[in-house]
Amino acid sequence: MRVFQKKGLAYFGKYIQPTPILLPINILEDFTKPLSLSFRLFGNILADELVVVVLVSLVPLVVPIPVMFLGLFTSGIQALIFATLAAAYIGESMEGHH
């Protein structure tokens, strides 16, 4: 909201850059970035859980434990990537296109 107060209606000029024909694509881009991040994070978490479930059903207790620790490690990395990309997208929307 502060960006809009600072720039006024010129804030919406970023949507018609470099040409007004790209207006729908630029608007769609603002909605698809967080959605794609959410799908990516969900897919990675679901894949980890499915691997653990399959290993538990095939080999009880011994093999799934290291996979669970690997899942914790990869989940931490995914959270870091998600936070970094979200911060980059938010920063980009605050500054506007150059």
Test of understanding: clusters of I, L, V, M, F, W, Y form through side-chain heavy atoms closer than 4.5 Å, transitively. Do [X] and [Y] belong to the same one?
| X | Y | value |
| --- | --- | --- |
| Leu35 | Ile90 | no |
| Phe39 | Leu37 | no |
| Val51 | Val54 | yes |
| Val59 | Leu55 | yes |
| Phe73 | Phe69 | no |

Hey, could you give me the [atom1]/[atom2] distance between [X] and [Y], rounded to the nearest 0.5 Å?
| X | Y | atom1 | atom2 | result |
| --- | --- | --- | --- | --- |
| Thr32 | Glu29 | OG1 | CD | 6.5 Å |
| Leu50 | Leu46 | CG | CG | 4.5 Å |
| Leu70 | Ile65 | CG | CD1 | 14.0 Å |
| Ile45 | Phe82 | CD1 | CZ | 9.5 Å |
| Leu41 | Ser36 | CG | OG | 11.0 Å |
| Asn44 | Glu49 | CG | CD | 12.0 Å |

### Message
Counting C-beta onward and ignoring hydrogens, is there a side-chain heavy-atom pair between Asp30 and Tyr89 closer than 4.5 Å?
### Response
no

#### Entry: Any residue meeting side-chain contact (heavy atoms from CB on, under 4.5 Å) with Leu22, in chain and number order, not counting sequence neighbours
Pro18, Thr19, Ile25, Asn26

### Message
Are there over 12 heavy-atom neighbours, none belonging to Leu58, within less than 6.0 Å of that residue's CG?
### Response
yes

